[in-house]
Amino acid sequence: MASFSYAIPLPIRCSTGSNNQDPNKQSLNKIKITGSPTRSLKVDILSQTAGIRQNIPTKKQLVDYHRQGLIIKEGVGYRQTVVIRSYESIRNLLQETALNHVWVSGLLSNGFGATHEMMKNDLIRVVSRMQVQVDRYPIWGEIMEIGTWVGAPGKNGMRRDWLIRSQAKGHVFARATSTWVMMNQKTRRLSKMPEEVMAEISPWFIEKQAIQEDVPEKISKLDSKAKYVNSNLKMEETRDLDMNQLVNNMKYVRWMLETIPDQFLVSHQLSSIILEYRKECGGSNIVQSLCKPDEDGILNSGLKQNNDMSPLNRFSLASEIMEGNGLLGSLDNVPLRYTHLLQTQGETKNEEIVRGKDHMEEKAI
(Lines give C-alpha, C1' and ligand atoms only; values in the text may rest on other atoms or scores of the structure.)
Protein backbone atom coordinates (compact mmCIF):
# COMPACT_ATOMS: atom_id res chain seq x y z
CA MET A 1 0.00 0.00 0.00
CA ALA A 2 1.05 3.58 -0.45
CA SER A 3 -0.07 6.52 1.63
CA PHE A 4 -0.43 9.85 -0.08
CA SER A 5 1.22 11.95 1.97
CA TYR A 6 -0.16 24.83 -4.85
CA ALA A 7 -1.11 28.80 -4.72
CA ILE A 8 -1.06 29.80 -8.39
CA PRO A 9 -0.62 33.41 -9.60
CA LEU A 10 -3.56 33.33 -11.99
CA PRO A 11 -6.64 35.56 -11.91
CA ILE A 12 -9.63 33.59 -10.69
CA ARG A 13 -13.04 34.18 -12.14
CA CYS A 14 -14.62 35.05 -8.81
CA SER A 15 -14.00 38.19 -6.76
CA THR A 16 -12.88 37.88 -3.16
CA GLY A 17 -14.84 40.95 -2.09
CA SER A 18 -13.70 42.70 1.09
CA ASN A 19 -10.68 41.75 3.14
CA ASN A 20 -12.76 40.42 5.99
CA GLN A 21 -13.35 37.26 3.95
CA ASP A 22 -9.67 36.34 4.24
CA PRO A 23 -9.41 33.87 7.17
CA ASN A 24 -5.79 34.86 7.75
CA LYS A 25 -6.76 38.49 8.31
CA GLN A 26 -9.73 37.48 10.43
CA SER A 27 -7.53 35.50 12.80
CA LEU A 28 -5.00 38.32 13.04
CA ASN A 29 -7.74 40.83 13.88
CA LYS A 30 -8.75 38.73 16.87
CA ILE A 31 -5.29 38.79 18.46
CA LYS A 32 -5.24 40.95 21.57
CA ILE A 33 -2.01 42.91 22.10
CA THR A 34 -1.13 43.84 25.67
CA GLY A 35 2.08 45.22 27.17
CA SER A 36 4.94 45.14 24.69
CA PRO A 37 3.26 44.83 21.25
CA THR A 38 6.03 42.79 19.66
CA ARG A 39 6.37 40.28 22.50
CA SER A 40 2.61 39.86 23.06
CA LEU A 41 1.86 39.36 19.36
CA LYS A 42 4.52 36.66 19.08
CA VAL A 43 3.29 34.77 22.14
CA ASP A 44 -0.38 34.91 21.15
CA ILE A 45 0.31 33.69 17.61
CA LEU A 46 2.40 30.80 18.90
CA SER A 47 -0.28 29.80 21.37
CA GLN A 48 -2.88 29.70 18.62
CA THR A 49 -0.75 27.72 16.17
CA ALA A 50 0.89 25.19 18.47
CA GLY A 51 0.02 21.66 17.37
CA ILE A 52 -2.83 22.58 14.99
CA ARG A 53 -3.25 23.54 11.37
CA GLN A 54 -4.47 27.07 10.82
CA ASN A 55 -7.55 28.20 8.90
CA ILE A 56 -8.89 24.72 8.09
CA PRO A 57 -12.48 25.22 6.89
CA THR A 58 -15.10 23.82 9.25
CA LYS A 59 -17.80 23.81 6.57
CA LYS A 60 -17.95 23.50 2.81
CA GLN A 61 -16.28 26.34 0.89
CA LEU A 62 -17.78 26.96 -2.57
CA VAL A 63 -14.68 28.83 -3.77
CA ASP A 64 -11.06 28.18 -2.83
CA TYR A 65 -9.55 31.60 -3.52
CA HIS A 66 -5.96 30.79 -2.60
CA ARG A 67 -5.74 27.59 -4.65
CA GLN A 68 -7.73 28.70 -7.71
CA GLY A 69 -10.40 26.05 -7.03
CA LEU A 70 -14.15 25.79 -6.68
CA ILE A 71 -16.84 23.25 -5.87
CA ILE A 72 -18.69 21.88 -8.93
CA LYS A 73 -20.89 18.93 -9.95
CA GLU A 74 -23.96 19.35 -7.77
CA GLY A 75 -21.90 20.85 -4.97
CA VAL A 76 -19.64 17.85 -4.31
CA GLY A 77 -16.99 17.78 -7.07
CA TYR A 78 -13.92 20.04 -7.23
CA ARG A 79 -12.12 21.85 -10.05
CA GLN A 80 -8.79 23.66 -9.85
CA THR A 81 -7.01 25.86 -12.39
CA VAL A 82 -3.27 25.29 -12.69
CA VAL A 83 -0.41 26.55 -14.84
CA ILE A 84 2.12 23.94 -15.93
CA ARG A 85 5.52 24.70 -14.45
CA SER A 86 8.81 23.50 -15.91
CA TYR A 87 9.22 20.78 -13.24
CA GLU A 88 5.58 19.63 -13.10
CA SER A 89 4.39 16.01 -12.95
CA ILE A 90 0.93 14.60 -13.47
CA ARG A 91 1.14 12.50 -10.33
CA ASN A 92 1.82 15.53 -8.14
CA LEU A 93 -1.07 17.44 -9.68
CA LEU A 94 -3.47 14.58 -8.97
CA GLN A 95 -2.34 14.32 -5.38
CA GLU A 96 -2.54 18.07 -4.73
CA THR A 97 -6.05 18.52 -6.15
CA ALA A 98 -7.32 15.53 -4.17
CA LEU A 99 -6.04 17.04 -0.91
CA ASN A 100 -7.43 20.47 -1.81
CA HIS A 101 -10.84 18.85 -2.44
CA VAL A 102 -10.84 17.47 1.11
CA TRP A 103 -9.77 20.91 2.37
CA VAL A 104 -12.70 22.84 0.85
CA SER A 105 -15.19 20.11 1.78
CA GLY A 106 -14.94 21.08 5.46
CA LEU A 107 -14.15 17.45 6.36
CA LEU A 108 -10.41 17.88 6.91
CA SER A 109 -9.30 17.18 10.45
CA ASN A 110 -5.87 17.60 12.03
CA GLY A 111 -4.33 14.90 9.83
CA PHE A 112 -2.89 14.89 6.35
CA GLY A 113 -6.08 14.33 4.32
CA ALA A 114 -7.90 12.52 7.15
CA THR A 115 -11.47 13.46 8.06
CA HIS A 116 -12.82 14.08 11.58
CA GLU A 117 -14.29 10.59 12.00
CA MET A 118 -11.17 8.97 10.57
CA MET A 119 -9.04 10.74 13.17
CA LYS A 120 -11.34 9.53 15.96
CA ASN A 121 -10.80 5.95 14.75
CA ASP A 122 -7.01 6.28 14.15
CA LEU A 123 -7.55 5.73 10.43
CA ILE A 124 -5.72 7.03 7.37
CA ARG A 125 -6.49 6.60 3.67
CA VAL A 126 -4.08 4.57 1.53
CA VAL A 127 -4.27 4.02 -2.21
CA SER A 128 -4.42 0.38 -3.30
CA ARG A 129 -4.74 0.90 -7.05
CA MET A 130 -4.06 3.77 -9.47
CA GLN A 131 -4.61 4.05 -13.21
CA VAL A 132 -3.57 7.01 -15.37
CA GLN A 133 -4.23 7.48 -19.12
CA VAL A 134 -2.49 10.29 -21.01
CA ASP A 135 -4.14 11.45 -24.26
CA ARG A 136 -1.63 14.23 -24.86
CA TYR A 137 1.12 15.97 -22.93
CA PRO A 138 0.73 19.68 -22.07
CA ILE A 139 3.56 22.13 -22.61
CA TRP A 140 5.20 24.52 -20.17
CA GLY A 141 2.98 27.50 -19.30
CA GLU A 142 -0.24 25.87 -20.48
CA ILE A 143 -3.34 26.55 -18.37
CA MET A 144 -5.28 23.45 -17.36
CA GLU A 145 -8.38 22.65 -15.34
CA ILE A 146 -8.27 19.57 -13.14
CA GLY A 147 -11.59 18.15 -12.01
CA THR A 148 -11.79 15.53 -9.26
CA TRP A 149 -14.55 13.69 -7.42
CA VAL A 150 -15.07 10.62 -5.23
CA GLY A 151 -17.28 7.54 -5.53
CA ALA A 152 -17.87 4.24 -3.76
CA PRO A 153 -16.27 1.08 -5.26
CA GLY A 154 -17.12 -1.10 -2.23
CA LYS A 155 -18.15 -1.13 1.42
CA ASN A 156 -14.56 -0.89 2.69
CA GLY A 157 -13.15 1.67 0.29
CA MET A 158 -13.78 4.57 -2.03
CA ARG A 159 -12.85 5.65 -5.53
CA ARG A 160 -11.33 8.97 -6.61
CA ASP A 161 -11.28 10.09 -10.26
CA TRP A 162 -9.65 12.99 -12.11
CA LEU A 163 -10.08 14.65 -15.50
CA ILE A 164 -7.42 17.08 -16.79
CA ARG A 165 -8.54 19.45 -19.58
CA SER A 166 -7.19 22.44 -21.46
CA GLN A 167 -8.82 25.60 -20.15
CA ALA A 168 -8.67 27.27 -23.58
CA LYS A 169 -9.85 24.44 -25.86
CA GLY A 170 -11.46 21.93 -23.51
CA HIS A 171 -9.68 18.88 -24.91
CA VAL A 172 -8.63 16.18 -22.46
CA PHE A 173 -4.96 15.82 -21.54
CA ALA A 174 -5.29 12.96 -19.09
CA ARG A 175 -7.74 11.00 -16.94
CA ALA A 176 -7.13 8.92 -13.85
CA THR A 177 -8.91 6.71 -11.36
CA SER A 178 -7.84 5.26 -8.02
CA THR A 179 -9.11 2.98 -5.26
CA TRP A 180 -8.53 3.87 -1.60
CA VAL A 181 -8.92 1.78 1.53
CA MET A 182 -8.68 2.43 5.26
CA MET A 183 -5.59 1.63 7.33
CA ASN A 184 -5.15 1.81 11.09
CA GLN A 185 -2.46 4.40 11.70
CA LYS A 186 -1.05 2.60 14.75
CA THR A 187 -1.12 -1.05 13.67
CA ARG A 188 -0.53 -0.33 9.92
CA ARG A 189 -3.17 -2.95 9.11
CA LEU A 190 -6.08 -2.53 6.72
CA SER A 191 -9.38 -1.79 8.40
CA LYS A 192 -13.04 -1.90 7.56
CA MET A 193 -14.63 1.49 7.06
CA PRO A 194 -16.67 2.38 10.16
CA GLU A 195 -20.29 3.40 9.61
CA GLU A 196 -19.62 6.89 10.96
CA VAL A 197 -16.83 7.42 8.39
CA MET A 198 -19.03 6.21 5.54
CA ALA A 199 -21.83 8.50 6.72
CA GLU A 200 -19.39 11.41 6.74
CA ILE A 201 -18.01 10.96 3.21
CA SER A 202 -20.86 9.27 1.29
CA PRO A 203 -22.76 12.55 0.62
CA TRP A 204 -19.78 13.50 -1.57
CA PHE A 205 -19.99 10.39 -3.78
CA ILE A 206 -20.63 10.81 -7.52
CA GLU A 207 -21.56 7.90 -9.77
CA LYS A 208 -19.26 8.80 -12.63
CA GLN A 209 -16.03 7.24 -13.86
CA ALA A 210 -13.18 8.97 -15.64
CA ILE A 211 -11.96 5.62 -17.00
CA GLN A 212 -14.56 3.02 -17.90
CA GLU A 213 -13.35 -0.38 -16.76
CA ASP A 214 -15.84 -3.23 -16.40
CA VAL A 215 -13.27 -5.69 -15.04
CA PRO A 216 -9.99 -4.33 -13.64
CA GLU A 217 -7.00 -5.60 -15.57
CA LYS A 218 -4.96 -8.10 -13.59
CA ILE A 219 -1.20 -7.67 -13.32
CA SER A 220 0.80 -10.87 -13.18
CA LYS A 221 3.65 -11.28 -10.70
CA LEU A 222 7.14 -11.34 -12.17
CA ASP A 223 10.01 -13.49 -10.95
CA SER A 224 13.78 -13.61 -11.37
CA LYS A 225 13.34 -14.70 -15.00
CA ALA A 226 12.12 -11.21 -15.97
CA LYS A 227 14.03 -9.82 -18.97
CA TYR A 228 15.22 -6.64 -17.25
CA VAL A 229 16.32 -6.43 -13.62
CA ASN A 230 17.64 -3.43 -11.69
CA SER A 231 18.92 -4.26 -8.21
CA ASN A 232 20.17 -2.44 -5.13
CA LEU A 233 17.93 0.60 -5.60
CA LYS A 234 17.83 3.01 -2.68
CA MET A 235 16.12 6.21 -1.68
CA GLU A 236 18.62 8.95 -2.64
CA GLU A 237 17.06 12.21 -1.42
CA THR A 238 14.58 13.25 1.25
CA ARG A 239 12.25 14.52 -1.48
CA ASP A 240 11.73 10.85 -2.41
CA LEU A 241 9.76 10.45 0.85
CA ASP A 242 6.17 11.46 1.49
CA MET A 243 4.68 13.05 4.62
CA ASN A 244 4.61 9.63 6.31
CA GLN A 245 8.35 9.08 5.67
CA LEU A 246 7.60 6.41 3.05
CA VAL A 247 8.95 6.27 -0.50
CA ASN A 248 6.57 8.33 -2.63
CA ASN A 249 4.73 7.31 -5.78
CA MET A 250 6.89 9.35 -8.14
CA LYS A 251 9.94 7.38 -7.05
CA TYR A 252 8.12 4.11 -7.69
CA VAL A 253 7.40 5.14 -11.29
CA ARG A 254 10.98 6.28 -11.84
CA TRP A 255 12.36 2.99 -10.59
CA MET A 256 10.06 1.14 -12.97
CA LEU A 257 10.85 3.21 -16.03
CA GLU A 258 14.57 3.23 -15.37
CA THR A 259 14.53 -0.55 -15.85
CA ILE A 260 13.42 -0.13 -19.48
CA PRO A 261 16.39 0.33 -21.91
CA ASP A 262 17.43 3.97 -22.11
CA GLN A 263 17.51 4.13 -25.91
CA PHE A 264 13.87 3.11 -26.02
CA LEU A 265 12.85 5.82 -23.52
CA VAL A 266 14.52 8.48 -25.65
CA SER A 267 12.03 7.93 -28.45
CA HIS A 268 8.99 6.76 -26.46
CA GLN A 269 6.80 8.09 -23.67
CA LEU A 270 4.15 6.86 -21.26
CA SER A 271 0.63 6.57 -22.63
CA SER A 272 -0.90 4.84 -19.61
CA ILE A 273 0.10 3.11 -16.40
CA ILE A 274 -1.61 0.94 -13.77
CA LEU A 275 -0.16 0.53 -10.27
CA GLU A 276 -1.27 -2.02 -7.67
CA TYR A 277 0.19 -1.36 -4.21
CA ARG A 278 1.06 -4.31 -1.99
CA LYS A 279 3.34 -3.07 0.78
CA GLU A 280 4.77 0.14 2.22
CA CYS A 281 8.39 0.94 1.43
CA GLY A 282 10.54 2.92 3.86
CA GLY A 283 13.58 5.03 3.14
CA SER A 284 15.98 2.35 4.43
CA ASN A 285 14.66 -0.45 2.19
CA ILE A 286 16.77 -1.80 -0.68
CA VAL A 287 14.58 -2.31 -3.74
CA GLN A 288 14.75 -4.48 -6.84
CA SER A 289 12.92 -3.55 -10.05
CA LEU A 290 11.80 -6.28 -12.46
CA CYS A 291 10.46 -5.59 -15.96
CA LYS A 292 9.08 -7.77 -18.75
CA PRO A 293 8.00 -6.45 -22.17
CA ASP A 294 4.64 -7.84 -23.28
CA GLU A 295 5.68 -7.53 -26.94
CA ASP A 296 9.19 -8.87 -26.60
CA GLY A 297 10.23 -9.05 -30.25
CA ILE A 298 10.24 -5.29 -30.81
CA LEU A 299 13.31 -4.88 -28.58
CA ASN A 300 15.56 -7.32 -30.46
CA SER A 301 17.03 -4.67 -32.74
CA GLY A 302 20.25 -4.18 -30.80
CA LEU A 303 18.94 -2.04 -27.93
CA LYS A 304 20.92 -2.52 -24.75
CA GLN A 305 20.70 -1.02 -21.31
CA ASN A 306 22.96 2.04 -21.35
CA ASN A 307 24.33 2.48 -17.86
CA ASP A 308 26.79 5.17 -18.99
CA MET A 309 24.09 7.77 -19.57
CA SER A 310 24.45 10.79 -17.34
CA PRO A 311 22.29 10.89 -14.17
CA LEU A 312 20.54 14.03 -15.42
CA ASN A 313 19.39 12.36 -18.64
CA ARG A 314 18.35 9.18 -16.86
CA PHE A 315 16.27 11.23 -14.43
CA SER A 316 14.51 13.22 -17.14
CA LEU A 317 13.77 10.14 -19.19
CA ALA A 318 12.43 8.08 -16.33
CA SER A 319 10.26 10.81 -14.87
CA GLU A 320 6.71 11.47 -15.99
CA ILE A 321 7.87 13.61 -18.89
CA MET A 322 5.52 16.51 -19.48
CA GLU A 323 6.63 17.41 -23.01
CA GLY A 324 6.39 15.08 -25.99
CA ASN A 325 9.71 16.07 -27.54
CA GLY A 326 12.88 14.09 -27.90
CA LEU A 327 15.16 12.22 -30.26
CA LEU A 328 13.50 9.65 -32.48
CA GLY A 329 15.08 6.22 -32.69
CA SER A 330 14.86 3.71 -35.49
CA LEU A 331 12.03 1.70 -33.89
CA ASP A 332 8.72 1.21 -35.64
CA ASN A 333 5.76 3.21 -34.37
CA VAL A 334 4.27 0.33 -32.37
CA PRO A 335 2.87 0.90 -28.85
CA LEU A 336 4.42 -1.45 -26.28
CA ARG A 337 3.29 -2.67 -22.90
CA TYR A 338 5.55 -3.59 -20.00
CA THR A 339 4.82 -5.43 -16.78
CA HIS A 340 6.71 -4.28 -13.68
CA LEU A 341 7.36 -5.41 -10.15
CA LEU A 342 9.10 -3.53 -7.34
CA GLN A 343 10.10 -5.67 -4.38
CA THR A 344 12.21 -5.35 -1.29
CA GLN A 345 15.60 -6.99 -1.71
CA GLY A 346 16.15 -9.09 1.40
CA GLU A 347 18.73 -11.67 2.42
CA THR A 348 16.23 -14.48 2.79
CA LYS A 349 13.14 -13.38 0.86
CA ASN A 350 11.79 -10.56 -1.28
CA GLU A 351 8.44 -8.90 -0.57
CA GLU A 352 6.24 -7.22 -3.17
CA ILE A 353 5.89 -3.45 -2.93
CA VAL A 354 3.96 -2.56 -6.08
CA ARG A 355 3.02 -4.20 -9.38
CA GLY A 356 2.70 -2.14 -12.52
CA LYS A 357 1.73 -2.31 -16.17
CA ASP A 358 2.40 0.51 -18.61
CA HIS A 359 1.70 1.32 -22.23
CA MET A 360 4.42 3.14 -24.14
CA GLU A 361 4.07 4.90 -27.49
CA GLU A 362 6.45 6.66 -29.83
CA LYS A 363 6.83 10.38 -29.35
CA ALA A 364 5.42 12.66 -31.98
CA ILE A 365 7.84 14.83 -33.91
Side-chain angles (χ1 to χ4, degrees), residues 4-28 53-109 111-115 125 132 134-151 160-178 201 204 206 208 210 239 242-243 248-250 320 322-323:
F4 267 175
S5 9
Y6 143 146
I8 304 168
L10 286 179
I12 197 165
R13 288 170 290 186
C14 301
S15 172
T16 59
S18 61
N19 288 338
N20 59 12
Q21 292 183 1
D22 190 329
N24 294 306
K25 293 176 181 172
Q26 285 182 332
S27 60
L28 288 176
R53 293 171 184 252
Q54 291 299 291
N55 305 319
I56 298 178
T58 57
K59 60 181 180 180
K60 180 167 69 175
Q61 308 292 304
L62 297 180
V63 178
D64 186 357
Y65 297 102
H66 300 296
R67 297 171 183 80
Q68 301 281 31
L70 66 160
I71 291 294
I72 58 171
K73 292 187 180 295
E74 301 177 356
V76 293
Y78 179 76
R79 185 174 68 219
Q80 182 171 335
T81 303
V82 300
V83 179
I84 294 299
R85 298 171 290 192
S86 59
Y87 52 87
E88 207 70 82
S89 74
I90 291 177
R91 296 280 301 184
N92 287 344
L93 291 174
L94 300 182
Q95 176 177 316
E96 195 69 13
T97 51
L99 291 171
N100 290 341
H101 186 198
V102 180
W103 176 279
V104 300
S105 70
L107 298 178
L108 185 65
S109 186
F112 191 72
T115 67
R125 268 187 286 237
V132 181
V134 181
D135 295 348
R136 65 178 74 189
Y137 282 86
I139 62 174
W140 170 74
E142 195 150 14
I143 303 175
M144 303 192 309
E145 292 183 340
I146 306 178
T148 184
W149 61 94
V150 292
R160 176 171 288 279
D161 288 25
W162 296 265
L163 196 62
I164 304 179
R165 297 178 179 270
S166 164
Q167 185 190 59
K169 298 182 179 180
H171 56 241
V172 175
F173 284 114
R175 61 190 80 231
T177 187
S178 60
I201 64 177
W204 291 84
I206 296 177
K208 177 185 176 182
R239 69 178 182 179
D242 63 17
M243 294 290 289
N248 63 39
N249 297 278
M250 281 295 296
E320 290 186 53
M322 296 304 298
E323 293 192 22

| field | His101 side chain to Gly147 backbone, donor-acceptor under 3.5 Å | value | no
Tightest non-hydrogen contact, residues Ala176 and Ala210, listed as O-CB, 3.6 Å
When every non-hydrogen atom of Trp204 is compared with those of Val76, the smallest separation belongs to CE3-O, 3.1 Å
Q) Is the side chain of Trp162 donor-acceptor paired with the backbone N or O of Leu94 at a distance under 3.5 Å, no angle test? A) yes
- Message: Any heavy-atom pair between the side chains of Asp161 and Lys208 that's under 4.5 Å?
- Response: no
Exercise for the section: Test side-chain contact (heavy atoms from CB on, under 4.5 Å) on Met144 and Leu93 and set out the steps. Expected result: CA-CA 11 Å; Met144 303 192 309; Leu93 291 174; 3.8 Å; yes
Worksheet item: Passes side-chain contact (heavy atoms from CB on, under 4.5 Å), Val150 versus Ile201? Steps please.
Response: CA-CA 9 Å; Val150 292; Ile201 64 177; over 6 Å; no
- Got a donor-acceptor contact below 3.5 angstrom from the Arg79 side chain to the Leu70 backbone? no
d(Gln80 CD, Glu145 CD) to nearest 0.5 Å is 10.5 Å
Minimal heavy-atom distance between Ser166 and Glu142, with the atoms involved, is OG-OE2, 4.4 Å
Apply side-chain contact (heavy atoms from CB on, under 4.5 Å) to the pair Leu163 and Trp149, showing each step before the final yes or no. CA-CA 9 Å; Leu163 196 62; Trp149 61 94; 4.3 Å; yes
Between the OG1 atom in Thr97 and the CH2 atom in Trp103, the distance rounded to the nearest 0.5 Å is 15.5 Å
Separation between CD (Gln95) and CG (Asn249), nearest 0.5 Å, reads 7.0 Å
Tell me, do Arg91 and Asn248 make a side-chain contact under 4.5 Å, heavy atoms counted? no
Quick one: does Ile90's side chain get under 4.5 Å of Ile164's, heavy atoms only? yes
Is Asp135 salt-bridged to Arg175, going by a charged N under 4.0 Å from an acidic O?
yes
If you define the side chain from C-beta out and look only at heavy atoms, does anything of Met250 sit under 4.5 Å from Asn92? yes
* To do: Show the numbers, then the answer: is there a side-chain contact (heavy atoms from CB on, under 4.5 Å) between Ile139 and Ile84?
  => CA-CA 7 Å; Ile139 62 174; Ile84 294 299; over 6 Å; no
| message | Donor-acceptor pair, distance only, cut-off 3.5 Å: does the side chain of Thr148 make one with the backbone of Tyr78? | response | no
